[in-house]
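From a predicted model like this one, the values you see are computed outputs, not experimental measurements. Here is the naming used below: chain letters follow the sequence lines, and residue numbers restart at 1 for every chain.
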Amino acid sequence: MSWSDNFVIAIRGITANKLRSALTVLGLLIGVSAVIILVAVGNGSSLSVEQRINQLGSNTLTVINTGRFGRGPAVSGTQTQQATLTMTDVKNIENPNEAPDVKSVSPVASTTVTATYGSATYSTSVIGSTASYLNAEDYTLSSGSPITSQEVKSHTHVIDIGSEVVSNLFDPGQNPIGQTIQLNSANFEVIGVLAPKGTSGLTNEDSIAIAPYTAVQDELTGYSQSFSELIVQGKSSSTLNLAESEVEGILAATNDTTVANLPFNVINQATLLSTAKSTTSTLTVLLGAVAAISLLVGGIGVMNIMLVTVTERTREIGIRKAIGASKSAILIQFLFEAVLLSLFGGALGVAIGMIGTRFRIDGVHPVVAGYSIALAFGVAVVIGVFFGFYPANRAASLRPIDALRYD
Amino acid sequence: MTSTLAKTDTDISTRSSRPVIVLRNITKTYMMGSVAVDVLRGISMTIDHGDFVAIMGASGSGKSTTMHIIGCLDIPSRGYYWLDGIDVRTLTDTDLSMIRNRKIGFVFQSFNLIPRLSVLANVELPLTYRGVNKQERRERSTAALAATGMSHRLTHMPTELSGGEQQRVAVARAIVTNPSIILADEPTGNLASHQSAEVMNIFSQLNAEGRTIVLVTHEKDIAEYAKRIIRIQDGVVVEDIRSLPVNAMPPRLESNPSTTYHTVLSPGSYKTDTLNSGLGAYTPPSESIHRRPK
């Protein structure tokens with residue numbers, strides 16, 4: 001028997017009961033496309049988490065004031081002075097003898113203000129910091145100039161504003177550079193516009209303004225000389241962990257406490273990234289496992305249909321054997337049918353999967369993993385052969401007279 | 001293909017006196033639940049090339065089981081069966097399917113055509129399993145259908161045909177591989193009497209061409225088409241009567257020159273066959289059975 005004869009016989013078998021064959025194909029289609037789409041969603045979400053973390057800056061540690069009481073454990077209740085992050089801490093950490101792996105420290109004094117230009121108003125968060133902040137947090141300017149150390153020192157009212165601040169305050173086409181905007185009635189001159197960065201977690205990175213911390217403290221945050229956080233930039237990613245322990249040591253010494261009882265959180269970007277990665281890869285595995293189960297169920301569907309087909313066509317098998325079909329010819333016929341069904345289901349599943357991953361699913365842009373296509377399609381075909389073999393072999397092993405007598 | 005079967009298509013005119021079917025003490029026991037039922041209790045018979053044998057018996061006598069064993073559709077519980085000198089017990093499953101394909105043409109009472117296939121595709125099927133290419137398959141199937149007078153129904157589905165027509169398609173399928181033995185299990189059981197006569201005449205013609213015909217029937221007038229009648233009762237042979245010698249012409253052959261069955265597969269008279277004029281390119285297969293000298 002030639003391949004084309006087998007093909008024709010298998011096609012005839014499949015088209016003999018179109019609805020049943022279509023449902024079998026549907027089962028495999030759902031399985032294959034589920035694998036592709038769910039793995040792509042897992043992939044996409046893990047990529048976007050990675051991107052967000054990378055947007056926090058490069059090689060940075062963030063020291064955040066937790067609001068816990070310093071100088072002793074909070075439970076004692078006898079000490080009442082709250083730990084703060086001050087310029088002293090900045091100077092200590094910037095000291096290359098104490099913290100050789102730290103490149104720069106940018107204090108952050110931030111608040112939310114209403115920005116006004118002419119009749120336009122916009123609520124934005126203002127970050128008061130030093131010249132190194134832009135670099136540490138990976139901000140670049142699309143026009144104008146950054147704030148300088150000189151401006152920080154001299155309490156100059158200058159500001160770099162994000163692209164959304166620009167679009168909300170200024171008319172399209174108007175150059176904001178050199179214009180003066182009011183932040184809670186204090187005048188600031190716009191000297192630069194930040195290049196768009198997109199959203200990072202809960203904050204919109206384009207809806208901020210960066211000014212010298214001295215000016216911000218003078219005009220906006222009141223008399224407090226403390227900072228809400230410090231952005232510490234390490235010299236390289238490989239020494240970020242060293243920089244972390246140096247910073248923790250300095251802060252513990254300043255606050256007269258141990259590293260374990262430090263009233264600040266030191267967030268290491270690298271640690272964050274690896275934690276997030278392992279979380280999202282767990283997610284991908286979980287999604288993939290769910291999809292794999294549906295693929296397996298699809299495969300069992302193929303087996304079920306082949307068993308029904310074989311039972312229903314037992315008499316036909318008897319006739320074929322009586323006129324000289326060998327066991328292998330019958331086996332090949334039914335195996336061909338099963339494989340064709342699963343090839344068809346697999347190919348359609350890949351097509352549906354590719355279409356499905358073009359849509360945004362729950363805020364995630366799915367990213368198709370090449371391996372998932374190969375794996376899902378391959379597994380679908382293997383399932384077809386595997387689950388088709390048992391019914392096919394059962395049909396082929398029948399003695400012709402037993403098959404002919406079957407009714 | 002297997003060496004033991006390499007010469008299955010030898011011209012039978014050169015060995016017409018050799019026995020083709022030899023059964024010795026064949027028994028067959030079925031298990032019906034826990035009870036063993038002896039269907040055959042020691043059947044022995046010898047059938048020569050070119051014979052036309054009717055096996056008769058009441059229902060349940062074991063005549064059909066005997067036929068299934070002769071046709072290699074079933075295997076005996078005990079006993080020996082030589083088919084064309086080959087001990088069937090020594091054959092593998094693949095060998096047996098090859099024997100069913102090449103040596104034997106089987107005609108069933110219930111026709112057993114595959115309902116989803118056209119008349120032509122049904123007749124082509126044995127050749128498909130034999131690996132014959134598409135063009136030759138078509139030519140030989142068309143010729144076989146012409147031989148049974150079914151040329152006008154090539155593209156019909158079996159369900160669109162009458163019982164007699166279906167049986168003639170089934171006979172065409174049985175002879176398309178040019179087997180030397182044709183086994184027919186109650187071939188007229190589901191047919192009206194005039195259809196029976198047509199089908200039986202085809203068998204007579206095929207026997208006249210030199211093919212061995214073994215027929216199972218319980219109808220006396222059908223058995224009278226044969227040269228020899230074997231009666232089976234309760235699983236044993238009880239009577240074996242020969243009315244004509246093996247190499248005689250079948251007793252009720254109607255020599256009708258307008259019918260074509262006996263000519264289609266015979267090279268000598270092929271070109272004069274008007275019904276097959278559209279098949280000018282057809283060359284009869286090398287294993288064609290020649291008409292025996294009378």
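By number of non-hydrogen pairs under 4.5 angstrom with chain B, the leading residue of A:A16, A:A325, A:S4 is A:A325. Of the listed residues (A:E316, A:K327, A:R12, A:R320), the greatest number of heavy-atom pairs within a distance under 4.5 Å of chain B belongs to A:R320. Taking chain A as the reference chain and counting heavy-atom pairs below 4.5 Å, the highest number among B:I75, B:I104, B:V132 is found for B:I75.
For A:F344, the CZ atom sits in a loose shell: 12 or fewer heavy atoms of surrounding residues, nucleotides or ligands are nearer than 6.0 Å.
Of all heavy-atom pairs spanning B:D185 and B:S64, the tightest one is OD1-OG, 3.3 Å.
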Exercise for the section: List the steps, then state whether salt bridge (Lys or Arg N to Asp or Glu O under 4.0 Å) holds for B:K134 with B:E139. Expected result: CA-CA 9 Å; B:K134 198 169 180 172; B:E139 284 164 357; over 6 Å; no
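Interface remark: B:L113 contributes backbone atoms only to the contact with chain A (heavy atom separation under 4.5 Å). Using a 4.5 Å cut-off between heavy atoms, B:D74 contacts chain A through both its backbone and its side chain.
With A:F334 as the partner, the side-chain contact (heavy atoms from CB on, under 4.5 Å) test is satisfied by one option alone out of A:I317, A:N393, A:I9: A:I317.
Taking the six-membered ring for Trp and the full ring otherwise, the centers of B:F108 and B:F106 sit less than 6.0 Å from each other.
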